[in-house]
K.L.:
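To start, I am sharing the structure in question, which I have written as structure tokens.
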Amino acid sequence: MMYDFVFLHAPSVYDFRKNSLLAGPISDVVPSSPVFEMYPIGITSIADYLERYGLRVKIINLANRMLMDQNFDVEKKLRKIKTKAFGIVLHWLPHAHGSIEIARIIKKLHPETPVIFGGLSATYFHKELIEYPFIDFVMRGDSTEKLMLLLLNKLETRETDYEEIPNLTWKKDNKPGFNPLTYVPDNLDDLDVPGYRYTIKSVFKYKNFLDPLPYNGWLQYPNTALLTARGCTQSCLICGGSKEAYLQNCGRKSLALRSPAKLAEDIQFIQRFSRAPIFILHDIRQGGPEYVIEFFSLLKDMKLKNEIVFELFQYADEEFFRQLHDAVPKYSIEITLETHDEKLRKLNGKFHCTNDKVIDTLNFVLKHDCNKIDLFFMVGIPGQTYQSALDNIDFCETIHLNCNKDSRLFYFVAPLAPFLDPASTAFEYPEKYGYKRFCYSLEDHRAAIAQPSWKHMLSYEQMR
Ligand code: B12
């Protein structure tokens with residue numbers, strides 16, 4: 001079968017099956033293994049959009065196929081593919097090694113087929129990427145659906161005036177061109193984000209259910225996520241998806257929101273194929289109070305069967321949870337506190353209220369019948385000392401005792417690993433925030449992630 005576009009999601013390190021890694025706790029709080037086999041949900045949106053215009057698009061999660069089958073032959077699989085262009089995912093920087101190796105293999109097997117990179121990390125390192133002889137384009141930015149249609153149409157008609165496509169990094173006669181980041185849409189309603197319709201349809205259309213699986217174990221427990229926004233209102237120092245990072249990396253000055261009505265439609269659709277929890281990504285309060293009221297009222301009218309998981313960036317009062325529970329029969333809450341230290345929380349950005357208010361928030365949630373609360377702490381945030389990291393454990397005890405030792409509270413701690421996020425304030429100004437940075441270029445990160453032990457993968461050290 002001839003495709004118009006094939007997405008490839010590489011493992012973090014290629015080939016992880018040959019060189020065993022002591023990856024440590026670098027992926028402890030996400031559904032993936034250290035291979036980071038989950039692909040970014042946005043590639044399903046791109047696929048969905050392109051298929052609306054009659055293109056045939058396939059997603060191959062190579063990382064997951066390699067993980068699920070020790071004998072899965074990558075080169076054999078790639079050799080057989082007939083497509084007009086390949087898209088290689090470099091969204092998360094831990095894929096710095098695998099994505100480059102896959103691109104190299106693709107060019108060896110299909111020298112005439114264009115190779116296009118995309119994702120937040122590809123956007124950040126686009127100038128370095130375009131220098132590789134086996135990469136032809138980098139599509140930059142957080143919203144590339146429409147731009148990819150423009151580019152694929154151009155490739156089809158063999159026109160080479162790439163200057164016309166916003167956000168594109170390209171090359172002609174080995175000379176790179178960098179088009180400005182001018183396409184930054186301010187809402188997400190004309191897209192399917194994520195493209196669950198596409199994903200399900202593609203299984204039947206292209207007769208393969210293994211290739212597009214999002215991660216190992218998804219079939220047993222088909223968790224889904226919905227994206228309320230692209231961009232962020234928060235300024236967390238360590239986040240490569242903060243307000244400042246989106247401005248610098250994607251030219252985004254404000255949030256692009258998905259409307260409550262569209263989110264409600266998305267939930268209806270998911271309920272048709274999955275009974276597992278639906279994660280609502282980002283704090284819905286980013287949309288403002290009216291957005292929240294409208295969303296809750298739509299949820300209330302719906303016969304919600306799935307559990308819905310909400311994220312909170314800051315303190316919320318009791319009324320919020322009363323309304324939430326009134327609208328959603330079964331819900332859970334995720335809170336990233338990072339630290340017990342009020343001053344450090346204030347510096348870093350998340351939950352910059354007092355510890356008393358943190359405990360109040362938790363008690364409100366528990367009172368209003370939530371199913372579960374996940375609380376996340378981190379080791380390695382700016383200003384944190386060894387002792388301060390240890391003190392988080394005592395704070396968990398304080399919380400537990402102040403919340404009647406409620407068994408619905410779950411505590412997680414993970415290191416800031418493996419890398420400082422590119423474009424985050426901490427990455428851009430490491431010394432100011434107490435870090436010694438070891439990695440600068442993409443090549444530095446590529447070498448780091450392939451180290452045999454996680455201790456040597458880390459791209460930073462905290463200064464005392
Ligand atoms: C939701 C989220 C997750 C979800 C992922 C859900 C999913 N499958 O996409 C979960 C919780 C699982 C997760 C995990 C991780 N995350 Co995360 N995540 C986010 C978050 C909060 C939102 C992402 C978002 O808004 N995406 C929307 C847009 C930007 O992306 P998208 O629609 O998927 O893709 C669009 C473009 O990026 C582009 N694109 C993407 N890929 C490609 C490929 C091609 C070929 C093309 C053309 C275009 C293209 O086009 C798409 C649509 O137009 C951000 C923070 C933030 N506010 O941004 C962090 C963030 C992206 N995550 C980050 C990190 C580090 C991770 C982890 C590595 C953490 C860890 N050590 O475990 C893991 C990796 C998981 C894996 N691969 O297995 C960093 C990334 C920094 C970097 N540049 O590397 C961020 C910025 C901040 C952070 N620290 O959390 N994450």
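Both counts, for ligands and for their atoms, begin at 1 and track the order of listing.
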K.L.:
Purely on distance, is any nitrogen or oxygen of Val89 under 3.5 Å from one on ligand 1?
P.N.:
no
K.L.:
Closer than 4.0 Å and a protein heavy atom, does any atom meet both conditions relative to atom 64 (C) of ligand 1?
P.N.:
yes
K.L.:
Should the pair Arg285 and Phe320 be classed as cation-pi, given the thresholds of under 6.0 Å to the six-membered ring centre and 45° from the axis?
P.N.:
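Yes, a cation-pi geometry.
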K.L.:
Considering only the protein, which heavy-atom contact is closest to atom 55 (C) of ligand 1, and what is its distance?
P.N.:
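Residue, atom and distance for the closest contact: Gly241 CA, 4.0 Å.
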K.L.:
Students should be able to answer this: which protein heavy-atom is nearest to atom 70 (C) of ligand 1, and at what distance?
P.N.:
Ile26 O, 3.6 Å
K.L.:
Would you say ligand 1 has an N or O under 3.5 Å from any N or O of Glu145?
P.N.:
yes
K.L.:
Check this for me: Phe209, atom CZ, are more than 12 non-hydrogen atoms of other residues, nucleotides or ligands nearer than 6.0 Å?
P.N.:
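Check fails, neighbour count at 12 or below.
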K.L.:
Please state which protein non-hydrogen atom is closest to atom 46 (C) of ligand 1 and give its distance, to 0.1 Å?
P.N.:
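Going atom by atom, the protein heavy atom closest to atom 46 (C) of ligand 1 ends up being Gly118 CA, 3.4 Å.
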K.L.:
Return the closest protein heavy atom for atom 80 (C) of ligand 1 as residue, atom name and distance.
P.N.:
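I find the closest protein heavy atom is Trp92 CD1, 3.7 Å.
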K.L.:
At what distance is the nearest protein heavy atom to atom 11 (C) of ligand 1, and which residue and atom is it?
P.N.:
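The answer is Val30 CG1, 4.3 Å.
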K.L.:
Classify the ring geometry between Tyr162 and Trp170 as parallel (under 30°), tilted (30 to 60°) or perpendicular (over 60°).
P.N.:
tilted
K.L.:
Give the single entry among Phe7, Tyr39, Phe5 that approaches atom 8 (N) of ligand 1 most closely by any heavy atom.
P.N.:
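Among Phe7, Tyr39, Phe5, the closest heavy atom to atom 8 (N) of ligand 1 belongs to Tyr39.
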K.L.:
From His9 NE2 over to Leu213 CG, what is the distance, rounded to the nearest 0.5 angstrom?
P.N.:
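The CG atom of Leu213 is 12.5 Å from NE2 of His9, to the nearest 0.5 Å.
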K.L.:
Within 45 degrees of the axis of the six-membered ring of Phe313 and under 6.0 Å from its centre: does Lys350 put its NZ or CZ there?
P.N.:
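Ring-cation test returns yes.
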K.L.:
Taking heavy atoms and a distance under 4.0 Å, where does Leu227 meet ligand 1: side chain, backbone, both or neither?
P.N.:
side chain
K.L.:
So, 4.0 Å and heavy atoms of Tyr124: is ligand 1 close enough to count as a contact?
P.N.:
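Checking ligand 1 against Tyr124, which is what was asked, there is no heavy-atom contact under 4.0 Å.
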K.L.:
Determine whether the side chain, the backbone, both or neither of Ala423 has a heavy atom under 4.0 Å from any heavy atom of ligand 1.
P.N.:
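Under 4.0 Å from ligand 1, Ala423 contributes no heavy atoms.
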K.L.:
Is a side-chain N or O of His340 found less than 3.5 angstrom from the main chain of Ser388, in a donor-acceptor match?
P.N.:
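Confirmed, His340 side chain pairs with Ser388 backbone.
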K.L.:
Determine whether any heavy atom of Ser143 lies closer than 4.0 Å to an atom of ligand 1.
P.N.:
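So Ser143 counts as touching ligand 1.
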K.L.:
Among all protein heavy atoms, pick out the one at the shortest distance from atom 85 (C) of ligand 1; state its residue, atom name and that distance to 0.1 Å.
P.N.:
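Checking every protein heavy atom, the shortest distance to atom 85 (C) of ligand 1 gives Asp421 OD2, 3.7 Å.
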K.L.:
Report the member of Pro11, Ser121, Pro415, Gly119 with the shortest heavy-atom distance to atom 82 (C) of ligand 1.
P.N.:
Ser121
K.L.:
Would you call the rings of Phe5 and Phe7 parallel, tilted or perpendicular, taking 30° and 60° as the class edges?
P.N.:
perpendicular
K.L.:
Name the closest protein heavy atom to atom 74 (C) of ligand 1, giving the residue it belongs to and the distance to 0.1 Å.
P.N.:
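Nearest neighbour among protein heavy atoms for atom 74 (C) of ligand 1, to 0.1 Å: Phe36 CD2, 3.6 Å.
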K.L.:
Using ring-ring contact (aromatic ring centres under 6.0 Å, His included), reason through Tyr435 and Tyr433 one step at a time and then give a plain yes or no.
P.N.:
CA-CA 6 Å; Tyr435 295 106; Tyr433 294 101; 7.9 Å; no
K.L.:
Could you tell me whether a side-chain N or O of Thr123 sits under 3.5 Å from a main-chain N or O of Gly141, the two making a donor and an acceptor?
P.N.:
yes
K.L.:
Can you list the ligand 1 atoms lying under 4.0 Å from a non-hydrogen atom of His95?
P.N.:
77 (N)
K.L.:
Would you indicate which of Ala47, Pro40, Gly141, Gly42 comes nearest to atom 36 (C) of ligand 1 when only heavy atoms are counted?
P.N.:
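Nearest heavy atom to atom 36 (C) of ligand 1 lies in Gly141.
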K.L.:
Between Ala417 and ligand 1, does any nitrogen or oxygen pair lie at a separation below 3.5 Å?
P.N.:
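It does: an N or O of Ala417 is found under 3.5 Å from an N or O of ligand 1.
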K.L.:
According to the interplanar angle, ranging from 0 to 90°, do the rings of Phe419 and His445 count as parallel (below 30°), tilted (30 to 60°) or perpendicular (above 60°)?
P.N.:
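Geometry flag for His445 against Phe419: perpendicular rings.
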K.L.:
Is it the case that the side chain of Gln384 and the backbone of Gly380 share a donor-acceptor pair, with hydrogens and angles ignored and the cut-off at 3.5 Å?
P.N.:
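Side chain of Gln384 to backbone of Gly380: a pair is present.
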K.L.:
Do Lys127 and Phe178 meet the cation-pi criteria used here (NZ or CZ under 6.0 Å from the six-membered ring centre, within 45° of the axis)?
P.N.:
yes
K.L.:
For the residue pair Tyr196 and Phe273, categorise the inter-ring angle as parallel (less than 30°), tilted (30 to 60°) or perpendicular (more than 60°).
P.N.:
tilted
K.L.:
What about Met38: any of its N or O atoms under 3.5 Å from an N or O on ligand 1?
P.N.:
yes
K.L.:
Below 4.0 Å from ligand 1: does a non-hydrogen atom of Ala225 turn up there or not?
P.N.:
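It does not, in that no heavy atom of Ala225 comes within the 4.0 Å cut-off of ligand 1.
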K.L.:
When you look for heavy atoms under 4.0 Å from ligand 1, do you find them on the side chain of Thr144, its backbone, both, or neither?
P.N.:
both
K.L.:
Is atom 4 (C) of ligand 1 less than 4.0 angstrom from some protein heavy atom?
P.N.:
no
K.L.:
Quick one: does atom 23 (C) of ligand 1 have a protein heavy atom under 4.0 Å from it?
P.N.:
no
K.L.:
Taking heavy atoms and a distance under 4.0 Å, where does His91 meet ligand 1: side chain, backbone, both or neither?
P.N.:
both
K.L.:
At a non-hydrogen distance cut-off of under 4.0 Å, which region of Ile46 contacts ligand 1 (side chain, backbone, both, or neither)?
P.N.:
side chain
K.L.:
Within a 6.0 Å radius of atom OH on Tyr440, are there more than 12 heavy atoms belonging to other residues, nucleotides or ligands?
P.N.:
yes
K.L.:
Relative to Phe410, does Lys372 satisfy both conditions: NZ or CZ under 6.0 angstrom from the six-membered ring centre, and within 45 degrees of the ring's axis?
P.N.:
yes
K.L.:
Does the protein put any heavy atom within less than 4.0 Å of atom 1 (C) of ligand 1?
P.N.:
yes
K.L.:
Identify the closest protein heavy atom to atom 7 (C) of ligand 1: which residue and atom is it, and at what distance?
P.N.:
Ile41 N, 3.6 Å
